Amino acid sequence: ADEYDVVLGSRYLHGRVTVINWPITRLVLSYGANVYARFVTGLPVADATGGYKCFHRKVLEGIALDRVESEGYAFQIEMSFRAWKHGFRIGEIPIVFVDRTAGESKMSKRIVREAVWRVWKLRVQSMFGRLRDLVQPVAEEKGLELRFSAPTGDRYIGRSLLLGRVLLNLVVNALKF
């Protein structure tokens, strides 16, 4: 328990698939979604879409939960991604997943679409965060004040435009020296 901050129950650990009673289409979709999420985000886990997760309290306090936007299976990916990007240690343990015997799946085309696009949004937001961390010390050294708040409207687009302007200002100011 002290070794990790987040522990994930994994259905796809060490090249093994431990799922019982799933149709092959569901298994291929789930396994493929994990490969895709890992490829796009770089998240170093085998099973990012699983729902068996244990978070240390400090992780939940350290993640801006009010900024988590995902629903459906993308929520599982986003929570692990945010924990990882905040530097928390993530471990996985093998589980055997047995499909439900009552009720129905909540899987829908909307949930799949959200997961397909959300991982790209997480990746881009992460890249801009790293860029901000690189740019801010240089700007402060040159006496420039940087604001990283988004204009009204779409936060994602606003931040992209704002960072573009910041980079342009840095280049212009660097050329003045």
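As the structure is a prediction and not an experimental result, all values here were calculated from the model. Values reported hereafter were calculated over all heavy atoms of this structure, with side chains retained and with hydrogens, waters and symmetry mates removed.
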Asks: Salt bridge (charged side-chain N to carboxylate O under 4.0 Å, His left out) with R110: which residues, sequence neighbours excluded?
Replies: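 Salt bridge (charged side-chain N to carboxylate O under 4.0 Å, His left out) list for R110, sorted by chain: E71.
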
Asks: Under 3.5 Å, side chain of R38 to main-chain N/O of V45, donor-acceptor pair present?
Replies: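 Between the backbone of V45 and the side chain of R38 there is a qualifying donor-acceptor contact (under 3.5 Å).
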
Asks: Does the side chain of V119 reach to within under 4.5 Å of the side chain of F39, using non-hydrogen atoms?
Replies: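 No; the side chains remain at least 4.5 Å from each other.
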
Asks: Could you see if V96 belongs to whatever hydrophobic cluster contains L27? Use Ile, Leu, Val, Met, Phe, Trp, Tyr and a side-chain cutoff under 4.5 Å.
Replies: no

Asks: Kindly write out the residues that satisfy side-chain contact (heavy atoms from CB on, under 4.5 Å) with A115, not counting sequence neighbours, or none if the list is empty.
Replies: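 Only A74 meet the side-chain contact (heavy atoms from CB on, under 4.5 Å) criterion with A115.
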
Asks: By side chain to side chain donor-acceptor pair (under 3.5 Å), which residues pair with W22, not counting sequence neighbours?
Replies: D99

Asks: Can you get from V28 to V19 by hopping between Ile, Leu, Val, Met, Phe, Trp and Tyr side chains that sit under 4.5 Å apart?
Replies: yes

Asks: Taking the side chain as every heavy atom from C-beta outward, state whether S70 and E114 have any atom pair closer than 4.5 Å.
Replies: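 Side chain of S70 against side chain of E114, heavy atoms only: contact under 4.5 Å found.
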
Asks: Of the non-hydrogen atoms in R89 and E3, which two are nearest, and what is the gap between them?
Replies: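 Of all heavy-atom pairs spanning R89 and E3, the closest is NH1-O, 2.9 Å.
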
Asks: Which atoms form the tightest heavy-atom contact between L43 and A48, and what is the distance?
Replies: CD2-CB, 3.8 Å

Asks: Are V7 and Y52 co-members of a hydrophobic cluster defined by side-chain heavy atoms under 4.5 Å apart?
Replies: yes

Asks: Name all residues meeting the side-chain contact (heavy atoms from CB on, under 4.5 Å) criterion together with R16; count only those two or more places apart in sequence or in a different chain, and write none if there are none.
Replies: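 Partners of R16 under the side-chain contact (heavy atoms from CB on, under 4.5 Å) test: T18.
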
Asks: May I ask you to test the L8-S80 pair for a side-chain heavy-atom distance under 4.5 Å?
Replies: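 Side-chain contact under 4.5 Å: yes.
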
Asks: Do you know the tightest heavy-atom contact between L13 and A46?
Replies: CD1-CB, 4.2 Å

Asks: Using ring-ring contact (aromatic ring centres under 6.0 Å, His included) as the criterion, list what pairs up with Y31, not counting sequence neighbours.
Replies: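 Once residues adjacent in sequence are excluded, the partners of Y31 under the ring-ring contact (aromatic ring centres under 6.0 Å, His included) criterion are Y12.
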
Asks: Applying side chain to side chain donor-acceptor pair (under 3.5 Å), can you list everything that pairs with Y36, at least two apart in sequence or on another chain?
Replies: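 Scan of Y36 (side chain to side chain donor-acceptor pair (under 3.5 Å), adjacent residues dropped) gives W120.
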
Asks: Please answer: with hydrophobic residues joined when any side-chain heavy atoms are less than 4.5 Å apart, are V17 and V35 in the same cluster?
Replies: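 Yes, because V17 and V35 connect within a single hydrophobic cluster, where side-chain heavy atoms sit under 4.5 Å apart.
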
Asks: Residues two or more places apart in sequence or in another chain: which of them pass salt bridge (charged side-chain N to carboxylate O under 4.0 Å, His left out) with R11?
Replies: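 So R11 forms a salt bridge (charged side-chain N to carboxylate O under 4.0 Å, His left out) with D47.
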
Asks: At their closest point, which heavy atom of V59 faces which heavy atom of A83, and how far apart are they?
Replies: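 Scanning both residues, the minimum pair turns out to be CG1-CB, 3.9 Å.
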
Asks: Could you pull out all residues at least two apart from R57 that satisfy salt bridge (charged side-chain N to carboxylate O under 4.0 Å, His left out)?
Replies: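 By the salt bridge (charged side-chain N to carboxylate O under 4.0 Å, His left out) rule, R57 matches E61.
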
Asks: Sequence neighbours excluded, which residues qualify as side chain to side chain donor-acceptor pair (under 3.5 Å) partners of R82?
Replies: E78

Asks: Quick check: do K85 and T41 have side-chain heavy atoms less than 4.5 Å from each other?
Replies: no

Asks: Going by side chain to side chain donor-acceptor pair (under 3.5 Å), name the residues that satisfy it together with E92, two or more places apart in sequence or in a different chain.
Replies: S10

Asks: Among all residues two or more places apart in sequence or in another chain, which pass the salt bridge (charged side-chain N to carboxylate O under 4.0 Å, His left out) test with K58?
Replies: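 Salt bridge (charged side-chain N to carboxylate O under 4.0 Å, His left out) list for K58, sorted by chain: D5.
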
Asks: Looking at every heavy atom in both S30 and T49, which two are closest together, and how far apart are they?
Replies: OG-OG1, 4.1 Å

Asks: For residues K121 and V40, determine if any side-chain heavy atom of one lies less than 4.5 Å from a side-chain heavy atom of the other.
Replies: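 They are not in contact (no side-chain heavy atoms under 4.5 Å apart), so the answer is no.
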
Asks: Mind checking whether Q125 and L122 have side chains closer than 4.5 Å, heavy atoms only?
Replies: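 They are in contact (side-chain heavy atoms under 4.5 Å apart), so the answer is yes.
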
Asks: With sequence neighbours left out, which residue pairs that include part of residues 63-86 fulfil the ring-ring contact (aromatic ring centres under 6.0 Å, His included) condition?
Replies: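 Listed by first then second residue: F81-W84.
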
